[in-house]
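Being a predicted model, the structure only gives us computed values, none of them experimental. Any value given below was found using the heavy atoms of this structure, including those in side chains, with hydrogens, waters and symmetry copies removed.
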Amino acid sequence: MLNLLRAQLSPQKYIDLLHQIGALAFDRQSDIAKGVYLEILKLSDDDILAYSQLAKLYLLSGEKQEALKYIEQAKLLSGISDADRLSLSIDHARAIYPQSGDTISELESTVREALQADQETLAATALRYQVNFEWIKATTEGSISSKKLDRWIAQLEYARQVHAENEIDYELPITEMMLGLMLKQVDQRGEAIDMFQKALELERLLHRPMRLHGILTNLAVTSLEMGQLDSAEGYNNEAIRVLRTANLTSDLHYNWMLSARIANANGQSDEAC
């Protein structure tokens with residue numbers, strides 16, 4: 001089918017079509033998306049979007065060295081825009097974490113440069129990753145403090161506002177979920193539930209299976225912690241359905257264990273066993 005279309009379309013229109021296919025496959029069929037972007041680079045070796053999307057896809061699959069390869073190749077392209085350069089800087093910081101201690105400082109620098117270049121949405125995204133890596137580092141070191149949590153929450157609220165105002169839908173639910181996790185750290189579980197639900201509403205439309213599963217699982221856990229057992233069971237069952245529908249059954253173990261915890265809290269010890 002693609003070969004037929006390639007014969008009928010001009011080279012640029014065919015590349016545009018491949019980009020559309022890659023965008024549609026990005027969150028659901030990553031192997032197809034990778035193949036499409038690799039095909040684009042065979043036809044046009046200076047396509048910055050194809051390099052950037054490949055880097056992101058390899059980051060999502062945990063193949064950081066492969067992601068770095070495409071990031072470095074993209075940086076060598078001539079005429080790269082500020083937005084592309086800053087986006088690549090964010091991906092580079094993600095790719096070198098945790099092997100390099102420069103990750104957080106690189107993101108801090110990217111935030112400053114993005115604000116100076118009037119790229120506030122990229123600044124917000126870089127800031128979210130900065131908070132995420134700072135949180136992981138502090139958790140590992142046992143150095144989480146109320147002062148740090150207050151700062152992280154304020155930074156994430158800023159990032160959320162920027163993403164919402166600019167309708168950056170593919171980033172907004174990720175930011176909202178992370179803000180919900182931070183609110184739980186300061187025992188604001190009701191506010192965390194509200195934030196998770198906001199993220200869920202948008203993620204249902206985007207239907208990125210792993211993101212959707214993460215939000216539903218956090219809603220289930222938080223509902224269980226608040227004693228809202230019916231809600232916890234409902235969210236957890238939906239999280240399981242999402243994984244099964246997406247054929248991601250290898251990740252079901254945690255949700256099965258969560259089902260047992262919910263059943264036990266409901267006085268259903270036999271079912272929990």
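- For the residue pair Gln12 and Asp16, a side-chain donor N or O sits within less than 3.5 Å of a side-chain acceptor on the partner.
- Remark: of the listed residues Lys148, Arg151, Arg128, Arg151 is the sole one forming a salt bridge (charged side-chain N to carboxylate O under 4.0 Å, His left out) with Glu134.
- In this structure, CG in Leu122 is found 10.5 Å from CD in Glu120, a value given to the nearest 0.5 Å.
- Note that CD of Gln116 is 10.0 Å distant from CG of Leu86, once rounded to the nearest 0.5 Å.
- Considering only heavy atoms from C-beta on, Lys13 stays 4.5 Å or farther from Leu17 through its side chain.
- Both Ile40 and Leu43 belong to a single network of hydrophobic side chains, linked directly or stepwise wherever heavy atoms of I, L, V, M, F, W or Y lie under 4.5 Å apart.
- Using a 3.5 Å distance cut-off with no hydrogens or angles, the side chains of Asp46 and Ser44 do pair a donor with an acceptor.
- Between Glu176 and Arg160 there is a salt bridge, with a side-chain nitrogen of the basic residue lying less than 4.0 Å from a carboxylate oxygen of the acidic one.
- Put simply, the residue from Glu39, Glu63, Gln29, Glu66 that forms a side chain to side chain donor-acceptor pair (under 3.5 Å) with Lys34 is Glu63.
- Environment of CE in Met257: sparse, with no more than 12 heavy atoms of neighbouring residues, nucleotides or ligands closer than 6.0 Å.
- Leu258 is listed as a side-chain neighbour of Arg261, based on a closest heavy-atom distance under 4.5 Å.
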* **Ile104 and Lys137: CA distance, side-chain angles, deciding distance, side-chain contact (heavy atoms from CB on, under 4.5 Å) verdict** => CA-CA 10 Å; Ile104 293 172; Lys137 183 174 184 288; 3.9 Å; yes

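- If you check the side chains of Ser109 and Glu113, you find a donor sitting under 3.5 Å from an acceptor.
- For the residue pair Asp169 and His163, no side-chain donor N or O sits within less than 3.5 Å of a side-chain acceptor on the partner.
- When side chains are defined from C-beta on, Arg244 counts as touching Ile240, because their heavy atoms get closer than 4.5 Å.
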* Before giving the answer on salt bridge (Lys or Arg N to Asp or Glu O under 4.0 Å), spell out for Glu191 and Lys184 the whole-Å C-alpha distance, their side-chain angles and the decisive distance to 0.1 Å. => CA-CA 8 Å; Glu191 292 83 350; Lys184 281 186 63 173; over 6 Å; no

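- By the neighbour-count criterion of 12 heavy atoms within 6.0 Å, atom CD of Glu141 is densely surrounded, having more than that number from other residues, nucleotides or ligands.
- Here the closest non-hydrogen pair linking Ala124 and Ala159 is O-CB, 3.6 Å.
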* To do: Output, in order, the C-alpha distance, side-chain angles, deciding distance and verdict of salt bridge (Lys or Arg N to Asp or Glu O under 4.0 Å) for Lys198 and Glu203.
  => CA-CA 9 Å; Lys198 289 180 188 296; Glu203 199 61 64; over 6 Å; no

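- Pairing each heavy atom of Ile32 with each of Ala25, the nearest pair is CG2-CB, 4.0 Å.
- For the pair Asn166 (side chain) and Val162 (backbone), a donor-acceptor distance under 3.5 Å is present.
- Contact check for Thr103 versus Tyr129: no side-chain heavy atoms found under the 4.5 Å cut-off.
- Side-chain atoms of Asp27 and Leu206, non-hydrogen and from C-beta on, never get closer than 4.5 Å to each other.
- Put simply, Leu212 and Met178 are part of the same group of oily side chains (I, L, V, M, F, W, Y) that touch within less than 4.5 Å, one to the next.
- With hydrogens and angles disregarded, a donor-acceptor distance shorter than 3.5 Å links the side chain of Thr139 to the backbone of Trp135.
- Ring pair His19/Tyr37 is tilted by interplanar angle, where 30° to 60° counts as tilted.
- The shortest distance between side-chain heavy atoms of Tyr70 and Leu57 does not fall below 4.5 Å.
- A side-chain donor from one of Ser87 and Lys56 sits under 3.5 Å from a side-chain acceptor of the other.
- Residues Phe196 and Leu181 form a side-chain contact, since some pair of their non-hydrogen atoms from C-beta on lies under 4.5 Å apart.
- Contact between Ala95 and Ile71 at its shortest, heavy atoms only, is CB-CD1, 4.3 Å.
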* **Test log, rule side-chain contact (heavy atoms from CB on, under 4.5 Å), inputs Met195 and Gln188** => CA-CA 11 Å; Met195 196 56 59; Gln188 295 182 28; over 6 Å; no

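- A donor-acceptor contact shorter than 3.5 Å is absent between the side chain of Ser100 and the backbone of Ile96.
- Closest approach of Ser89 and Thr110 over heavy atoms only: CB-OG1, 3.5 Å.
- Taking CD1 of Ile48 as the reference point, atom CD of Gln73 lies at 10.5 Å (rounded to 0.5 Å).
- For Glu72 and Tyr51, the side-chain atoms include no donor-acceptor pair closer than 3.5 Å.
- In summary, of the residues considered (Leu200, Val221, Leu224), a side chain to side chain contact (heavy atoms under 4.5 Å, CB included) with Tyr235 occurs for Leu200 alone.
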* **Trace of the side-chain contact (heavy atoms from CB on, under 4.5 Å) decision for Thr125 with Thr175** => CA-CA 8 Å; Thr125 300; Thr175 306; over 6 Å; no

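- A salt bridge links Asp82 to Arg85: one of the charged nitrogens lies within less than 4.0 Å of a carboxylate oxygen.
- Taken from CD in Glu108 to CZ in Phe133, the straight-line distance is 12.5 Å, to the nearest 0.5 Å.
- Side-chain N/O atoms of Gln161 and Glu165 include a donor and acceptor closer than 3.5 Å.
- Expressed to the nearest 0.5 Å, how far CG of Leu127 lies from CD of Gln155 amounts to 4.5 Å.
- Connection of Leu179 to Ile144 is established within a shared hydrophobic cluster, with ILVMFWY side chains joined at heavy-atom distances below 4.5 Å, either directly or through further cluster members.
- Here Arg189 pairs with Glu225 in a salt bridge; the nearest charged N to carboxylate O distance falls below 4.0 Å.
- For Arg208 against Tyr170, the heavy-atom pair with the smallest separation is NH1-O, 2.8 Å.
- Between the side chain of Thr222 and the backbone N or O of Leu219, no donor-acceptor pair lies under 3.5 Å.
- Remark: the Asn236 side chain and the Thr217 side chain contain no N/O donor-acceptor pair separated by less than 3.5 Å.
- Rounding to the nearest 0.5 Å places CG of Leu248 at 6.0 Å from CG of Leu243.
- Linking Ile, Leu, Val, Met, Phe, Trp and Tyr residues whenever their side-chain heavy atoms come within less than 4.5 Å leaves Leu49 and Phe26 in two separate clusters.
- Asn218 places a side-chain heavy atom less than 4.5 Å from the side chain of Met177.
- Nearest heavy atoms, Asp91 versus Leu59: O-CD1, 3.7 Å.
- No continuous path of ILVMFWY side-chain contacts below 4.5 Å connects Tyr158 to Val131, so the two sit in separate hydrophobic clusters.
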* Would you check, one step at a time, whether the test side-chain contact (heavy atoms from CB on, under 4.5 Å) holds for Asp251 with Met210? => CA-CA 10 Å; Asp251 296 304; Met210 291 306 296; 4.0 Å; yes

